[in-house]
S.K.: 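I have a structure here, written as structure tokens, and I will follow up with some questions on it.
Residue numbering restarts at 1 for every chain, and letters A, B, ... go by the order of the sequence lines. FYI, side chains are in, hydrogens and waters are out, and symmetry mates aren't considered; it's all heavy atoms of this structure.
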Amino acid sequence: MVDKNQLRIATRNTGFIDPESVESYIAVGGYQALGKCLAEMKPADVIDLMKNSGLRGRGGAGFPTGVKWGFAAKYASDTKYVVCNADEGDPGAFMDRAVLEGDPHNVLEAMAIGGYAIGGNKGTIYIRAEYPLAIARLKLAIQQAKDMGLLGDNIMGTDFSFDIELKYGAGAFVCGEETALIASMEGNRGEPYTKPPFPAEAGYWDKPTIVNNVETLANIPAIIMKGADWFSGIGTETSKGTKVFCICGKINNVGLIEVPMGTSLKTVIYDVGGGIPDGKEFKAVQTGGPSGGALTYKDLDAPIDYENLVARQSMMGSGGMIVMDEDDCMVAVAKFFLDFTMDETCGKCTPCRIGSKRIYEILDKITIGQGTEADLEKLRSLSHNIKDTALCGLGQTMPNPVLSTMRVFEDEYRAHVIDKKCPAGVCADLLEFTVVEEKCVGCTLCARVCPVNCISGKPKEVHVIDQAACIKCGACLDKCKFDAIIKQ
Amino acid sequence: MTNSIDELMDSGAIFITGSNTTEGHPVIGAKIRRAKAKGTKIIVAEPRKIELAADADVFLQITPGTNIALYNGMMSYIISEGLQAAEYIKERTENYDELVATLADFTPEKAAEICGVSAEDIKSAARMYAQAPKAAIVYAMGVTQHTTGTEGVMTLSNLALLCGNIGIESGGINPLRGQNNVQGACDMGGLPGTYPAYQSVANPEIKAKFEKAWGVELSDKVGLTLTEIVHKAGHGDIKVLYIMGENPMVSDPDLHHVEEALKNTEFLIVQDIFLTETAQLADVVLPAASFAEKDGTFSNTERRVQRVRKAIKPVGNCKPDWQILMDLLNKLGIEKRYASAEEVFNEITTVTPSYGGISYERLEELGSLQWPCPTPDHAGTKFLHSGKVARGLGLFKPAVYKPSAELPDADYPYIMTTGRVLYHYHTRTMTGKVDGLNKLSPASFVEINPALAEKLGVTDGEMVAVSTRRGQIEVAAKVTAKLKENVIFMPFHFAVGAANVLTNTALDPIAKIPEYKVCAASVKKI
Amino acid sequence: MAKIKSLAELQKKRDELQAVAAKTKNEKVIVNVSLATCGIASGGKEVMEAMKQEAAALGINNVEFTMSGCMTYCFAEPTVEITLPGKEPVVFGYIKGDKAKELVSKYIKSGELVDGVIPASYERIVF
Amino acid sequence: MSMLTITIDGQAVEMPAGSTILAAAKKVGIDIPTLCQLDMEKQFNQQSAACRICVVEIEKRRNLAPACATSIMDGMVIKTDSQRVIEARKTVLHLMLSDHPLDCLTCEKAGACKLQDLCYQYGIEVSDYPGLRNDYPLDASNEFYTRDLNKCVACRRCVQVCTNFQSTKAIAFGDRGFTTHPVAPFDKGMSDSTCVSCGNCVSVCPVGALLSKSKEKFRSWEVSKVKTTCSYCGVGCQMNLLAKENKVVGVEPMDGASNSSLLCVKGKYGFNFINHPDRLKTPLIRKNGELVEATWDEAYGLIADKVKATKAEYGNDALAGLTSARVTNEENYLFQKLVRAGFGTNNVDHCARL
């Protein structure tokens with residue numbers, strides 16, 4: 001019997017019910033929470049319950065959901081909006097898609113509950129256009145719910161009405177930032193603006209607006225049904241409930257998991273994730289998406305929650321986890337993530353627009369062996385100043401991959417700039433393929449596969465690689481049957 | 001303007017009629033569009049689909065000359081729906097019953113037929129205007145340059161009173177003055193019937209006041225208006241004509257008639273900064289300094305008095321107009337020397353009650369002051385008729401729609417209307433000297449609807465002959481869907497292909513304003 | 001579709017649906033194929049079709065095919081959950097090629113387990 | 001409005017709720033540098049806060065805050081000149097400068113360039129973070145101004161003024177990442193846009209990215225600036241005339257009550273008539289059908305004689321004058337005085353109706 005490390009709240013129905021059937025959802029208790037709110041609770045009660053549950057935003061920032069709702073409820077307005085942020089943009093993260101495709105009514109029900117709580121009756125799901133199946137199932141679900149009187153006018157015979165529409169994002173990473181998302185929904189260029197005013201005061205069309213992530217919403221009907229105490233009984237002191245992660249990279253069980261907050265990284269990697277393939281050593285895991293940070297073997301026993309991740313120069317983010325093993329170069333990894341954020345910055349503020357480019361350029365310099373020790377200092381100082389000055393969360397977290405990898409793997413950085421070596425053997429410009437004389441039998445196989453003919457040697461004699469001509473393709477190493485070629 | 005420009009930004013609705021604001025008054029146009037962005041409803045009633053039509057919540061593309069019918073249709077609907085400001089009407093206006101009686105059977109449907117727009121649009125415009133908590137009316141020459149110009153303004157005033165929009169912030173009726181200092185020219189008594197501050201020349205007390213101030217005897221006979229002067233000059237009755245800073249050879253209606261009149265004047269004095277078409281006919285030409293070369297004040301369209309300051313010395317041997325005028329006054333025996341424009345201004349404030357509290361010193365400190373500003377401690381007046389209108393009660397002066405003086409017929413089947421373009425100003429004496437502006441708007445043109453163009457066999461840019469009962473000109477056709485099929489438009493700025501060769505001299509009986517906005521014309525392919 | 005007019009009506013509807021489901025569960029084999037984007041992309045639809053054909057070919061007609069979203073086992077797509085009458089559901093992963101038919105001919109037909117069973121390592125919240 | 005008390009660099013400041021840190025600092029004479037801030041009017045005062053040069057340190061806040069866009073909160077303790085703040089501002093300048101040509105010697109904007117001033121203030125000569133620079137072609141397609149995006153610091157003032165104040169919306173930001181830059185529709189040239197050449201973008205550009213095409217070469221320190229009122233339409237826009245050697249060489253908008261720092265194409269660029277060679281420079285008198293140059297005394301004498309003679313022969317009402325809606329109040333006043341007192345008639349009018 002396998003340990004039940006996982007607890008499925010947000011993903012309780014995905015994989016179990018038919019997402020295209022409202023009956024299937026009703027059969028597992030769907031819309032009961034909304035019905036309960038409308039029949040038995042005042043909006044303020046709902047907000048109190050949410051506050052007491054300790055649910056925090058699962059989009060990454062971890063702002064308490066009940067508090068956010070409370071703000072929006074406080075501002076008087078004829079119109080208020082509930083926005084579902086389904087603009088899942090982290091590479092390797094797809095928990096929102098899984099929920100929307102597998103349990104769309106759950107999200108709709110939660111949005112209606114939010115609308116009831118804040119006194120709003122308009123909902124919008126901002127979803128990326130790259131999720132056609134999720135869009136189709138959401139559309140179907142909205143129609144079904146309306147047909148059954150579970151959405152639309154006078155829900156379940158009450159005075160409460162709530163409508164939901166879809167808005168499509170074009171796949172801009174920054175549109176996951178709530179103010180950029182609102183700008184995009186209004187038809188403007190998707191870029192963030194300075195808060196305050198927060199959306200809860202003046203958001204979509206300047207009306208009070210709550211923006212909640214898909215996973216956050218997916219928890220809500222369960223919290224309503226099972227109570228705040230039940231939910232706050234799960235997790236750690238500051239982080240309640242569960243968190244959905246997408247584990248990918250160098251891990252056996254690539255996939256979606258949902259574990260209680262406070263679960264250790266070790267449990268996630270080894271027990272739930274099944275460990276590292278091919279018997280390789282675990283090196284690090286990037287959490288929090290491209291602007292998160294790398295956790296290492298030093299962090300394996302740390303319980304995962306919002307505060308603990310931030311303390312380790314990373315963050316919860318939306319829940320992507322990219323696992324790396326001994327064959328991954330941390331400088332190259334940082335460069336990979338900066339390459340992403342450099343392209344995705346909206347370009348509004350100077351530190352993010354130019355700073356991301358410059359960090360990338362310095363990392364690039366290091367990976368091709370042209371870095372200096374001064375560059376390491378520049379990296380550090382530039383990164384700190386960008387975190388301090390950038391406009392939105394994207395810019396403020398963009399240097400995280402650099403800072404977190406430098407924190408634990410400074411040796412690796414130094415090896416690149418001082419020894420001009422890539423210890424993990426990834427950075428091609430720093431590699432040298434050499435023949436181990438003792439092992440070479442002179443079979444000539446390597447010379448025959450070399451695309452640039454830079455390996456010479458007579459049959460049965462030790463071969464030699466001309467370093468100047470070598471393009472570091474690695475074909476010789478793959479071909480050698482005697483382990484006589486090494487890269488270092 | 002009864003109100004101030006910036007108040008528009010807080011209006012609930014702005015009704016723009018007879019003004020192509022973004023081209024005629026670009027900065028006000030920009031502010032109206034900003035108001036729109038902030039949530040103000042925009043209603044536009046214009047014969048052309050002007051830029052602001054795209055911002056409009058309701059756009060009424062009316063036939064030129066039918067604006068009074070439109071306003072009446074709106075008012076009749078407002079009354080029939082009970083949307084009028086009943087309390088306001090009771091307390092602050094009079095003669096309401098006559099308005100109701102006049103509009104009795106004038107339904108929006110009737111208005112719609114006359115104006116060539118849908119009754120539904122008239123109704124929604126009326127609702128929008130009446131239901132806004134504060135609504136402003138913005139208009140310009142498109143309302144006034146008609147034989148019924150005065151009635152047009154009064155009808156707008158009726159509409160504003162009906163909805164309680166006069167005497168409140170962000171409401172009012174707001175004419176946009178076309179030239180930098182039209183307001184000041186009127187304020188300063190550049191009118192045949194009034195001294196500065198609209199004090200009547202026929203009033204013996206006023207006359208006595210000015211006789212004392214100036215030390216001469218004055219006439220109590222109301223003088224001639226511009227169009228009358230030109231008319232009389234044509235008959236040789238005006239012997240000496242002094243024209244300062246004007247170019248009637250391009251700006252006045254029926255230019256052939258103007259040319260004849262000026263040539264017929266025995267002694268023509270023209271004072272200007274360039275040798276204009278008019279100056280070329282003069283007997284004496286006096287070179288004046290431009291605004292950059294002199295001190296003074298301008299009064300803008302919202303009654304705001306602001307300083308003009310000297311940036312460079314007068315070019316060549318020219319002089320600021322005020323010095324020339326002072327010299328001539330001296331020559332004619334009125335011995336008063338002014339050392340500076342400020343001294344002239346100080347004299348103005350002694351005889352001009354509404355400017356009484358304004359001084360160069362205060363303008364320096366505050367930047368500007370809006371008249372009425374009667375005393376040195378008065379802060380100026382942001383909007384007029386606060387609390388009650390100037391005359392006591394707001395007077396409804398209903399008018400019925402009357403067709404324009406000249407309507408299309410078999411010989412002249414189209415309605416021609418005129419207006420401005422963004423890149424030129426009046427008769428181009430200044431803008432015509434700026435290369436970039438000339439490149440962007442090089443020559444006169446006539447706008448015609450694509451359907452009409454097809455009917456005439458004319459393509460965009462081709463030369464056409466436009467003629468009216470007064471003359472014919474050849475201009476390039478600009479084919480555009482801005483206009484209805486039976487309407488053509490020409491800018492009036494250009495001396496070559498001048499629109500005013502064609503325009504009608506028929507005048508509004510009260511304001512004596514020519515009917516530039518409507519005449520019957522024909523267009524032929526050359 | 002009749003509108004639900006109150007919470008009580010919704011609860012009644014839920015109870016009815018659960019009763020039907022419980023009955024089905026006791027009488028029929030339920031084959032639930034994971035058909036989220038990932039499942040479809042890795043051939044889930046083909047798996048369902050193949051199983052339907054195989055069941056028909058073998059004359060097994062007490063099978064009810066349903067679909068669901070992501071079962072979270074990305075590493076093992078396509079995945080299929082089979083619930084034999086009165087038994088606990090079992091999830092099978094890596095259903096490629098002839099494996100789909102095998103599930104019908106072996107597990108559904110005779111309860112004989114095949115490779116690729118994915119143990120459930122979770123607790124699921126229900127209410 | 002409620003008043004809040006905050007502390008800036010040790011000084012207590014009382015300001016109304018809703019004020020920005022920038023305004024509070026200004027009140028006590030503390031200078032916080034700005035670049036992208038566009039203080040055109042109270043309304044619509046959503047600052048883009050894009051450049052990040054005005055960041056300050058707020059106690060208990062995780063990161064630095066832009067002073068231009070951060071509202072004060074009661075009890076806030078702010079530092080505007082800590083090492084952390086200085087380092088951050090320097091970093092921002094280093095980054096800006098790393099994507100900017102160093103051609104101040106020939107740049108028309110030199111002397112009036114915000115980036116130049118800030119680099120001078122913070123002692124930055126070359127960027128610490130050299131790297132790839134954007135390379136855009138010069139857009140000179142507009143009649144009145146050039147656009148050199150290589151000098152653009154993406155402060156957004158041009159887009160803000162065009163969108164929110166001028167309301168033309170001819171430009172917006174395009175692209176993402178390092179190449180984010182202001183674009184006309186489809187990134188074609190300005191002449192292919194809805195631009196109305198008002199030049200308001202040029203007026204607010206803090207660097208040399210948008211420059212008026214000028215006939216006269218001049219350095220910003222060579223011109224005198226005189227505030228005056230525009231001589232075109234009736235709006236009464238306030239502007240500065242820039243003059244060099246008795247020539248008007250440029251116009252910049254000023255914050256007047258009616259124009260709020262905006263101008264239109266005529267006000268901004270229609271000034272070349274002032275020093276145009278065709279200007280009348282001396283009186284002319286018609287002799288034998290030709291207008292010939294004359295002295296002022298000749299002209300005055302002729303007019304006075306003619307006026308007196310006409311009055312005597314035909315009566316005062318045979319004289320008339322048309323005054324001008326172009327000239328000043330003082331001049332209009334004197335003109336009607338001339339006609340009324342000098343000519344002795346009320347035959348005075350002007351073209352208010354035309």
S.K.: Decide yes or no for B:Pro287 and D:Pro283: does some side-chain heavy atom of the first lie under 4.5 Å from some side-chain heavy atom of the second?
M.R.: yes
S.K.: With a 4.5 angstrom heavy-atom cut-off, could you sort out which part of D:Gln238 is near chain B: side chain, backbone, both or neither?
M.R.: side chain
S.K.: Using a cut-off of under 4.5 Å on heavy-atom pairs, state which of D:Lys266, D:Lys247, D:Lys287 scores highest against chain B.
M.R.: D:Lys266
S.K.: Under the 3.5 angstrom rule, does the side chain of B:Trp322 hit a backbone N or O of D:Asn332 as a donor-acceptor pair?
M.R.: no
S.K.: So, does D:Arg326 use its side chain to make a donor-acceptor pair with the main chain of B:Phe291 at under 3.5 Å?
M.R.: no
S.K.: I'd like to check B:Leu325 versus D:Glu331 (side-chain heavy atoms, cut-off strictly below 4.5 Å). Are they in contact?
M.R.: yes
S.K.: Checking B:Tyr355 against chain D: side chain, backbone, both or neither under 4.5 Å from a heavy atom?
M.R.: side chain
S.K.: Closer than 3.5 angstrom, by distance alone: can the side chain of D:Glu330 be matched with the main-chain N or O of B:Thr297 as a donor-acceptor pair?
M.R.: yes
S.K.: How far does OG1 of D:Thr328 sit from CG of B:Asn181, to the nearest 0.5 angstrom?
M.R.: 7.0 Å
S.K.: Side chain, backbone, both or neither: which part of B:Glu266 has a heavy atom under 4.5 Å from chain D?
M.R.: side chain
S.K.: Would you say B:Lys31 and D:Ser167 are linked by a side-chain donor-acceptor pair, where the criterion is simply a distance under 3.5 Å?
M.R.: no
S.K.: Strictly below 4.0 Å, N to O, side chains only: are D:Arg279 and B:Glu293 in salt-bridge contact?
M.R.: yes
S.K.: So, B:Glu246 side chain and D:Ala325 main chain: donor-acceptor pair closer than 3.5 Å or not?
M.R.: yes
S.K.: Which one of D:Lys213, D:His276, D:Lys337, D:Met254 has the most heavy-atom pairs closer than 4.5 Å to chain B?
M.R.: D:Lys337
S.K.: With chain D as the partner, which of B:Glu211, B:Glu343, B:Arg304 has the greatest number of non-hydrogen pairs under 4.5 Å?
M.R.: B:Arg304
S.K.: Under 3.5 Å, side chain of B:Asn180 to main-chain N/O of D:Cys233, donor-acceptor pair present?
M.R.: no
S.K.: Mark yes or no for whether D:Asn246, through its side chain, and B:Lys313, through its backbone, hold a donor-acceptor pair below 3.5 Å.
M.R.: yes
S.K.: Mind ranking B:Thr429, B:Thr22, B:Thr194, B:Val270 by heavy-atom pairs under 4.5 Å with chain D and telling me who comes out on top?
M.R.: B:Thr194
S.K.: Do the charged groups of B:Lys433 and D:Asp278 touch, with an N to O distance under 4.0 Å?
M.R.: no
S.K.: Nearest 0.5 Å please: distance from the CG atom of B:Leu275 over to the CG atom of D:Leu291.
M.R.: 6.5 Å
S.K.: Report which part of D:Thr310 has an atom under 4.5 Å of a heavy atom belonging to chain B: side chain, backbone, both, or neither.
M.R.: side chain
S.K.: Among B:Gly316, B:Gly29, B:Ala185, which residue forms the greatest number of heavy-atom pairs with chain D at distances under 4.5 Å?
M.R.: B:Ala185
S.K.: Please flag which part of D:Val196 lies under 4.5 Å from any non-hydrogen atom of chain B: side chain, backbone, both or neither.
M.R.: both
S.K.: Keeping B:Arg309 on the side-chain end and D:Lys227 on the backbone end, is there a donor-acceptor pair under 3.5 Å?
M.R.: yes
S.K.: Indicate, with yes or no, if the rings of B:Phe345 and D:Tyr333 have centres closer together than 6.0 Å.
M.R.: no
S.K.: Given the ring of D:Tyr314, does B:Lys239 sit roughly above its face, with NZ or CZ under 6.0 Å from the centre of the six-membered ring and within 45° of the axis?
M.R.: yes
S.K.: B:Tyr195 ring centre to D:Arg340 NZ or CZ under 6.0 Å, with the angle to the axis within 45°?
M.R.: yes
S.K.: For B:Gly223 versus D:Asn347, what's the shortest heavy-atom pair and its separation?
M.R.: CA-OD1, 3.3 Å
S.K.: Looking at D:Gly236, is its backbone amide N or carbonyl O close enough to the side chain of B:Gln306 to form a donor-acceptor pair, meaning the two atoms are under 3.5 Å apart?
M.R.: yes
S.K.: Ignoring hydrogens and angles, tell me if any N or O in the side chain of B:Ser219 forms a donor-acceptor pair with the backbone of D:Gly344 under 3.5 Å.
M.R.: no
S.K.: In terms of heavy-atom proximity below 4.5 Å to chain D, should B:Asp295 be classed as side chain, backbone, both, or neither?
M.R.: backbone
S.K.: Out of D:Leu241, D:Thr295, D:Thr168, which one racks up the most heavy-atom pairs below 4.5 Å with chain B?
M.R.: D:Leu241
